[in-house]
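First the structure, in the form of structure tokens, and then the observations on it.
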Amino acid sequence: MLAFVKTFGCQLNVADGEKIKSQLVNIGYELTDIPEIADLILFNTCAVRENAENRVFGHIGRAKYFKERNKNLIIGLCGCMANEPETIEKLKAHYSCVDIIFGTSAISKLPEMLADIKKNKYNEEYFELNTETDEGLGQVRESKYKASVPIMYGCNNFCTYCIVPYVRGRERSREVGKILEEITELVSKGYKEIMLLGQNVNSYAYDFPLLLKKINDIQGDFWVRFMSSHPKDCSKELIDTVAECGKICKHIHLPVQSGSNDVLKRMNRNYTREKYFEIIDYAKKKIPEVAFTSDIIVGFPNETEEDFLNTLEVIEKVRYNNIYNFIYSKRSGTKAADYLDSITHKEKTERMARLIALQQKISLENNGLLVGKTVKVLVEENNIGRTEGMIMVELDKTIEEGNIVEVKITGQKSIYLKGEVI
Ligand code: SAH
Ligand code: SF4
Ligand code: F3S
């Protein structure tokens, strides 16, 4: 039996996808990358923006035709969209080819659900929000050297634009011991990059800086990253910890979303641009080589030209290595869905283009600052690797993937750097 699992959305959802694969392998499925030959197709979905959802419906529409060739094909939808009542209605009304729908709380019940389906029982009963952390499900990881490790689930922040708190439920954190045990095992298996995940790792319930210190003390040759950090909870202690711990990448993903205090307020982000700059300045002082990345929403309801210029100013001042930028997408059920919006789509896309142009210029300038320096690089394939700040480096020779090497940066070629392995 072959299973095809396609995951959309964030790293946390990718980790869920890996748990789903682990469940499937346990009950005898083999995994395939080719949906046409699969006996089970699962779409592990994301609800954060409308276009993410539309893509899923497109995929389901195509999968329907595979049923004509394989009568026993099971099609399932899980992940964040499965926790949206509107999606469920739409699937029931227009996508009868979907045999099984289950929310993010039901991954452990997948074997049972599949057994039911095979007895011709339609299954759609598992949408309750998680109230616990997943433990012991295992993760079938694609990479042999990069591993993501969720440390907390859910979100309590209710940013006014965001669906995540509604589909992922309230915050809950994994125990320190369980996390350390898992990372120790991953490192002993040869994993070199550990990515700690949570919607807001700074509200990890059992002292995030202390967790980082304990991870830093694990023996072995590896580095560790974390995301996302919410600026409202980003403490000096956290930055001091990043500065002190040799195994923590000198990279902070600190989504600002907007540079306008008015917009930040209407987003319910609970910080001001001044507070944000304070964190950035402190980090730059403590960690001179620190790299920042960010998420930014362009075209939040009624974002004025002045608001937008304030965002550009933040980008200029912080000098991010990279920004993940999104045009605001209205999510029904969220508070911002009721906000008036007088900005046209054209204005939004124009702003987006200006933002991208500015960021590209800054990325290139940041990369240039590394020329002549010696940095650590994690080799990802053949002669391509990435720095702690996630900049791509082309090496002068091929090194086995998954090694962390010291590299002298010798030059810059468009968005990537060139370097010699020492
Ligand atoms: N918890 C993380 C973000 C998770 S969602 C954090 O707070 O940083 C990832 C990103 O998607 C967000 O940072 C935001 O920039 C974007 N996003 C969320 N909801 C959105 C919406 N309705 N429209 C456009 N972008 C959105
Ligand atoms: Fe969404 Fe805000 Fe929670 Fe991030 S912190 S997941 S943006 S509600
Ligand atoms: Fe999307 Fe769910 Fe992540 S909505 S961004 S997959 S938590």
Side-chain angles (χ1 to χ4, degrees), residues 11-12 14-15 18-19 22 133-153 173-198 201-202 204-229 235-253 283 286-291 373-381 384-391 393 395 399-408 419 421-422:
Q11 295 291 325
L12 275 157
V14 172
E18 293 172 346
K19 289 178 205 161
S22 166
T133 59
D134 288 333
E135 292 298 341
L137 291 183
Q139 277 169 252
V140 174
R141 297 180 164 91
E142 203 113 299
S143 170
K144 293 276 170 282
Y145 58 91
K146 283 207 251 188
S148 62
V149 175
I151 62 166
M152 59 173 301
Y153 299 91
S173 297
R174 291 180 67 197
E175 283 166 29
V176 176
K178 293 262 198 290
I179 297 169
L180 294 177
E181 205 176 288
E182 183 176 350
I183 297 177
T184 306
E185 194 189 328
L186 288 166
V187 170
S188 76
K189 282 185 180 157
Y191 281 88
K192 293 294 164 61
E193 175 171 298
I194 306 296
M195 166 84 97
L196 307 178
L197 297 176
V201 290
N202 297 338
Y204 176 68
Y206 312 111
D207 192 340
F208 186 51
L210 185 65
L211 175 70
L212 285 175
K213 285 179 197 148
K214 290 193 168 166
I215 293 171
N216 191 63
D217 287 341
I218 295 173
Q219 294 293 315
D221 175 31
F222 68 100
W223 72 25
V224 55
R225 303 179 178 282
F226 53 88
M227 73 187 290
S228 283
S229 281
S235 65
K236 289 192 168 153
E237 195 195 350
L238 172 65
I239 290 163
D240 294 342
T241 306
V242 175
E244 283 158 26
C245 295
K247 286 173 185 151
I248 304 180
C249 289
K250 305 304 176 230
H251 167 219
I252 304 177
H253 180 64
K286 282 278 169 152
I287 317 165
E289 73 276 30
V290 69
K373 299 230 162 91
T374 298
V375 297
K376 281 200 275 185
V377 169
L378 174 66
V379 183
E380 297 198 333
E381 53 175 300
I384 303 290
R386 270 178 207 277
T387 65
E388 289 177 53
M390 309 260 263
I391 299 171
V393 184
L395 306 173
I399 303 244
E400 201 189 331
E401 62 172 29
N403 277 299
I404 296 176
V405 290
E406 294 276 333
V407 174
K408 171 140 196 206
V421 180
I422 298 175

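The model shown is predicted, which means the values in this text are computed figures rather than measured ones.
Considering every non-hydrogen atom in both Ala205 and Ser173, the closest pair reads N-OG, 2.9 Å. The two residues Lys250 and Ala243 have their closest heavy-atom pair at NZ-O, 4.1 Å. Closest approach of Leu196 to Val201, counting heavy atoms only: O-CG1, 4.4 Å. Of all the heavy atoms in Gly246 and Asn216, the pair that sits closest is N-OD1, 3.5 Å. Between Ala147 and Leu186, the shortest heavy-atom contact is CB-CD1, 3.8 Å. Listed here is the closest heavy atom pair of Ile252 and Ala283: CD1-CB, 4.4 Å.
Going from atom OG of Ser188 over to atom CD1 of Ile183 covers 12.0 Å, rounded to the nearest 0.5 Å. Atoms CG and CG, on Leu238 and Asn202 in that order, are 5.5 Å from each other to the nearest 0.5 Å. Annotation: the span from Ile239 atom CD1 to Ile287 atom CD1 amounts to 6.5 Å, rounded to 0.5 Å. The distance from the OH atom of Tyr204 to the CD1 atom of Ile179 is 3.5 Å, given to the nearest 0.5 Å. To the nearest 0.5 Å, atoms CG (Asp217) and OG1 (Thr184) are separated by 10.5 Å. Here the NE2-CZ distance, from His251 to Arg386, works out to 11.0 Å after rounding to the nearest 0.5 Å.
Val176 pairs in a side chain to side chain contact (heavy atoms under 4.5 Å, CB included) with only one of the listed residues (Leu210, Leu211, Asp207), which is Leu211. Exactly one residue among Glu388, Glu193, His253 makes a side-chain hydrogen bond (donor to acceptor under 3.5 Å, both in side chains) with Arg225. That residue is Glu193.
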Test side-chain contact (heavy atoms from CB on, under 4.5 Å) applied to Met227 and Leu197, step by step: CA-CA 5 Å; Met227 73 187 290; Leu197 297 176; 4.0 Å; yes
Worked verdict on Glu18 versus Ser148 for side-chain contact (heavy atoms from CB on, under 4.5 Å): CA-CA 10 Å; Glu18 293 172 346; Ser148 62; 3.8 Å; yes
Test side-chain contact (heavy atoms from CB on, under 4.5 Å) applied to Ile194 and Ile215, step by step: CA-CA 10 Å; Ile194 306 296; Ile215 293 171; 5.7 Å; no
Salt bridge (Lys or Arg N to Asp or Glu O under 4.0 Å) evaluation trace for Lys178 with Glu182: CA-CA 6 Å; Lys178 293 262 198 290; Glu182 183 176 350; over 6 Å; no
Thr241/Phe208 under side-chain contact (heavy atoms from CB on, under 4.5 Å): CA gap, chis, key distance, verdict: CA-CA 10 Å; Thr241 306; Phe208 186 51; over 6 Å; no
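Counting heavy atoms of neighbouring residues, nucleotides and ligands inside a 6.0 Å radius, atom CD of Glu135 exceeds 12 of them.
The shortest side-chain heavy-atom distance between Val242 and Phe226 falls under the 4.5 Å cut-off. The shortest side-chain heavy-atom distance between Gln139 and Pro150 falls under the 4.5 Å cut-off. Looking at heavy atoms from C-beta onward, Lys213 lies in side-chain contact with Glu244 at the 4.5 angstrom threshold.
In this structure, Lys373 does not pair ionically with Glu289, as no charged nitrogen and carboxylate oxygen lie closer than 4.0 Å. With respect to the salt-bridge test (charged N to carboxylate O, under 4.0 angstrom), the residues Lys144 and Glu401 do not qualify.
Under the 3.5 Å distance criterion, the side-chain polar atoms of Tyr145 are matched with a main-chain donor or acceptor of Glu380. Here the side chain of Tyr191 pairs no donor or acceptor atom with the backbone of Glu185 at under 3.5 angstrom. In this structure, the side chain of Arg174 does not engage the main chain of Thr133 through any donor-acceptor pair within 3.5 Å. At distances below 3.5 Å, at least one donor-acceptor pair connects side-chain atoms of Lys247 with backbone N or O atoms of Ile218.
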